[in-house]
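One structure is given here, and the rest of the page talks about it.
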Amino acid sequence: MKRDIIINQFVIKFANINGTGSASANNLFSRGIFRMGVPISPKNIFPSNIQGLPTWYEVRVSESGFLGRRGGIDIMVSMNPQSMQRDINEVDKGGYFIYDSTKPLDPSLFRDDIDIIGLPLTAKCRELYTDPRQRQLFRNVMYVGSLCALLDLDIEVYKQLISDQFKGKEKLIAPNVKAIETGYKLAEEAAACPIAFRVEKRDNVGDKILIDGNTAAGLGAVYGGATVAAWYPITPSTSVIDAYSKFCRKFRVDEETKEKNYAIVQAEDELAAIGMVIGSYWTGARAFTATSGPGLSLMNEFLGLAYFAEIPTVLVEVQRAGPSTGMPTRTQQSDVLLAAYASHGDTKHICLYPSTPNECFEYTAMAFDLAERFQTPVILLSDLDLGMNENMSEPLEWDDERTYDRGKILTHDDLENMEERYGRYLDVDKDGVPYRTLPGTHPTKGSFFTRGTSKDEYAIYTENGEKYLENMERLQRKWRTASQHVPKPIIRKTDKPCTVGVVHYGTSEASTLEALHHLNTLHGISLDSMGIQAFPFSDEVGQFIAEHEYVFVVEQNRDAQMRTLLINEYDFDPDRLVPLLHFDGSPITARFIRREIRDWILQTTTSPRRGSRFF
C-alpha cells in the first residue's frame, strides 16, 4: 500500500543502554538535522545510575517550529533488548520499529500495524572490529548512518559534523566516517530507502543556537555580576556551576596579572553553601548557589534568615521529581510551593519561572538585581527538562550599556552627610525597602547588628509585639512593591470573546501553546492563555483570572502547586481554577494537554449548569 510522504514532521526515539556511548551518536543525529535548517527539540531520558539501565533519547523534528514534546512516537530505534517490549508498544500506528537484527526478533513482539526494519549492526561490528569497546561505540555511529539512508538525510552534513567534532584528533575522523557509510549501506540492503518519514533541507533555523538552560543560567550569572558561587553537587543542577566555572575562566581572569576575579567553593553540604552565599552578599559581593529540591529543603532555615535579616541571596533551583530522593533524573515542577514559602513562619520569596534558555540567561542575570533592590532571596525555578536538554534558542544577547541595580546602599558620603540617626529597617520611602550599608563603609556611622531575631527599625533586639507587627507589615509592603518590578505575565488573547483561559509557566509553555493552536485549528476551540513569569504575581495575573469564568492551570506536579499558590494569594473560588496535571517524570506533551482540555470542554458544554463560550 502506498503511504503518504511526511516531510520534516515526526518524532523519533532511541532506546539504548546507559553507559554505552549512545549519547554522542544521538546528539550527532539531532545536530545534523539542525544543521540542515530544520527545527528540532531533543529530550534525553536517562537513569540515575552510571551504567546498565535503559536510557532513551527523543527528538522532535518540526518544520512548523513546535518545540515542546508532542506525544507519540513515529520511529523507534531500539538498541536495548531490556526495553524492547515497551519500546515497540510505544510506536504509533503506521510508524516504524528499527532494531538490531543480529539476533532474531521475538515473534511475540511483532505488530502488523507498523513497519519493522532489522539492521545487523552488531554482526557487522564483529566483522569489522576486534576491540569490544570499538564494537560498542561504532554500532551507535552506524545506526546514525542507517538513518541517513532511511530518512533521506544528507550524509555529507554528518561527515562534516564528525570532522568538526574531532578537529585536532584527525585519527578519529576516518573510522567514524567509515562507520557512517557502513550503516548507510546496511540500511539500503535491509529496506526500501527512504521510508515515509523524511528530512529535507530548509532555512527555518536562521541564527538560532542549541543550548541547555543550565549553561545559559551559568552564563547569566557571569553577566549578572556574580563573583562568588558556593554549591554542593546535586542532579540536575551541577552543570550550572560547571558552566559558570567555564565562563569565569574565560571572562573573569585579569588579562595582565592572570589573577582570578571570582571564587567557586564546593561546600560540605547545602547548608554550608547557602550560608556562604548569604555571607558573601552581606559583605557586598554578588553570590549564588545552585541546587535541586532536596538541597532547597535543607536550605530553608538559612533562606528564612536571609528573608528576615534582609540579605540579598540568589539561588538557581533546577527541579526534579520528588519527594525525598524521588527520581533524580526525571523532570517535574515540584518545588513551586517549597520555593515560594521556604522556611518557617511567614516568609515569601521572589521566584522566577523561565521557559527557555534565553529566559534562563536573562532571568538569572535579573535575579541579582532583584535580590539587591529588594534585599531578599530570589529563586530561579528551572527544571531538568529545560536545564539539561538542548533547546533551540535565539542567540543570547546583552546590552553593554546595562548597569547593575545595587538597590538602596548608603555610601560613605551619604552617611557622612546624614544628620538623622541611621536605621537599618526604617521605611524612609514608604515602599517597604530600607537602606542598607556594607561593612566598613564608614568608621562611625551605618553599623548595625544583623540578626534573625525580632528587632526594631534600628536593628535592636526587641520582643515588643507592636514593633514586630510593624516590621512584618513593612516586609509585606516591600513584597507588594516587588510585584510591580518582577517580569509580567505573557498574555495571549484570541480574536473571539472567550470566557475560558489557560495558565502555564516554565517548561509547560511550549506544549501548551501547541495544544492551544491545534484546539483552534482542528476543533474550533479558541482559548486565551497566560504564561506566568514570576512570583509575587503582578496585577495582570489576577486580572486575567478575574476576566475568565474558568481557567485551566497546566502543571507538572501532582498537587497542583501553582493553582494552590494562586488560590492562596488571591482567594479565588477553587472551582474556577481547573488543574491539568502531568507528573510521571517525563516532559508534558501537547497531545495530553489538548486531549484533557477538549474532553473537559465537551463535557462542560453538555452540562446545563454552565454557559461558557468556547467556540
Side-chain angles (χ1 to χ4, degrees), residues 300 303-304 307-308 333-353 370 374 376-379 381 430-432 468-493 498-506 508 512 527-581 583 596-597 600-601 604 607 609-613:
N300 264 233
L303 286 169
Y307 172 82
F308 200 47
Q333 295 173 314
S334 53
D335 302 327
V336 174
L337 289 174
L338 175 64
Y341 301 128
S343 196
H344 54 275
D346 293 323
T347 55
K348 292 182 178 182
H349 304 298
I350 295 174
C351 296
L352 303 174
Y353 310 114
L370 291 171
F374 297 105
T376 195
V378 176
I379 303 174
L381 278 172
K430 307 305 178 187
D431 59 359
Y468 172 81
L469 186 65
E470 289 176 0
N471 190 45
M472 292 299 288
E473 288 178 340
R474 179 187 58 77
L475 286 169
Q476 186 67 3
R477 194 157 55 249
K478 180 171 75 169
W479 182 252
R480 289 193 293 270
T481 301
S483 72
Q484 302 169 26
H485 296 276
V486 296
K488 295 184 181 299
I490 299 173
I491 296 174
R492 299 173 176 89
K493 292 288 189 74
C498 183
T499 59
V500 174
V502 178
V503 166
H504 56 83
Y505 63 98
S508 298
T512 299
L527 303 176
D528 298 332
S529 70
M530 175 176 66
I532 294 177
Q533 306 296 300
F535 180 68
F537 303 126
S538 61
D539 293 340
E540 290 84 353
V541 173
Q543 291 168 5
F544 178 88
I545 296 174
E547 290 170 358
H548 295 84
E549 184 179 354
Y550 293 96
V551 174
F552 292 95
V553 185
V554 182
E555 306 194 53
Q556 298 180 70
N557 58 68
R558 184 196 69 181
D559 294 340
Q561 294 185 30
M562 180 60 74
R563 175 179 178 269
T564 300
L565 196 59
L566 289 165
I567 292 169
N568 191 54
E569 293 297 310
Y570 287 110
D571 199 27
F572 285 122
D573 177 1
D575 287 341
R576 293 179 55 201
L577 300 182
V578 183
L580 202 164
L581 308 174
F583 50 92
E596 292 293 306
I597 293 178
W600 189 93
I601 286 176
T604 301
S607 171
R609 68 185 183 90
R610 295 173 180 165
S612 303
R613 291 197 303 271

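All values derive from a computational prediction rather than experimental measurement. What's counted below: heavy atoms across the whole structure, side chains too, no hydrogens, waters or symmetry copies.
Residues E473 and K478 are not paired through a salt bridge, judged by the lack of any N-O separation under 4.0 Å between the basic side chain and the carboxylate.
Atoms CD1 and CG, from I379 and D335 in turn, are 9.5 Å apart once rounded to the nearest 0.5 Å. The line from CG of L338 to NE2 of H349 is 9.0 Å long, rounded to the nearest 0.5 Å. In this structure, I350 CD1 and Y307 OH are separated by 10.5 Å, a value rounded to the nearest 0.5 Å. Atom CG of residue L381 and atom OH of residue Y505 lie 8.5 Å apart, to the nearest 0.5 angstrom. Atom OG1 of T481 is separated from atom CG of D431 by 5.0 Å, given to the nearest 0.5 angstrom. Atom NZ of K430 sits about 7.0 Å away from atom CZ of R477, to the nearest 0.5 Å.
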Hey, mind stepping through D559 and Q561 against side-chain hydrogen bond (donor to acceptor under 3.5 Å, both in side chains) and telling me if it holds? CA-CA 5 Å; D559 294 340; Q561 294 185 30; 5.3 Å; no
Before giving the answer on side-chain contact (heavy atoms from CB on, under 4.5 Å), spell out for I601 and L527 the whole-Å C-alpha distance, their side-chain angles and the decisive distance to 0.1 Å. CA-CA 11 Å; I601 286 176; L527 303 176; 4.2 Å; yes
Go through the steps to decide whether M562 and I532 satisfy the test side-chain contact (heavy atoms from CB on, under 4.5 Å), and finish with yes or no. CA-CA 10 Å; M562 180 60 74; I532 294 177; 4.1 Å; yes
Going through the distances and angles, do F374 and H485 end up as a side-chain contact (heavy atoms from CB on, under 4.5 Å)? CA-CA 10 Å; F374 297 105; H485 296 276; 3.7 Å; yes
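D573 is linked by a side chain to side chain contact (heavy atoms under 4.5 Å, CB included) to D575, R576, counting only residues two or more places apart in sequence or in another chain. Residues satisfying the side chain to side chain contact (heavy atoms under 4.5 Å, CB included) test with N568, not counting sequence neighbours, are Y341. With sequence neighbours left out, I567 forms a side chain to side chain contact (heavy atoms under 4.5 Å, CB included) with R563, P574, L577. Remark: Q533 pairs with Y363 by the side-chain hydrogen bond (donor to acceptor under 3.5 Å, both in side chains) rule, at least two apart or across chains. Under the rule for a side chain to side chain contact (heavy atoms under 4.5 Å, CB included), the partners of S343 that lie at least two apart in sequence or sit in another chain are T347.
Contact of the E547 side chain with the K493 side chain is registered, since non-hydrogen atoms from C-beta on lie closer than 4.5 Å. In this structure, L580 and I597 have side chains that are in contact, with non-hydrogen atoms separated by less than 4.5 Å. P487 is listed as a side-chain neighbour of L352, based on a closest heavy-atom distance under 4.5 Å. A 4.5 Å side-chain heavy-atom check between Q476 and K348 finds at least one atom pair inside the cut-off. By the 4.5 Å heavy-atom criterion applied to side chains, I491 and S529 are not counted as neighbours. Contact annotation: the side chain of V500 never approaches that of H548 to less than 4.5 Å [non-hydrogen atoms, C-beta and beyond]. Residues F308 and N471 meet the side-chain proximity criterion, which asks for heavy atoms closer than 4.5 Å. Residues L337 and T564 are in side-chain contact: their nearest non-hydrogen atoms beyond the backbone lie under 4.5 Å apart.
The ring of W479 has its center closer than 6.0 angstrom to the ring center of F535. Within the 6.0 Å centre-distance limit, the rings of F552 and W600 are counted as a close aromatic pair.
Counting only N and O atoms by type, the side chains of Q556 and S508 include a donor and acceptor under 3.5 Å apart.
For CZ of R558, the number of neighbouring non-hydrogen atoms (other residues, nucleotides, ligands) closer than 6.0 Å is 12 at most.
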Show me, pair by pair, the donor-acceptor contacts under 3.5 angstrom made by side chains of residues 538-546, not counting sequence neighbours?
{"from": "S538", "atom 1": "OG", "to": "E540", "atom 2": "OE1", "distance (Å)": "3.0"}
{"from": "E540", "atom 1": "OE2", "to": "K488", "atom 2": "NZ", "distance (Å)": "3.4"}

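In this pair, F537 and Y570 present their aromatic rings parallel. The plane angle is below 30°, not in the 30 to 60° band.
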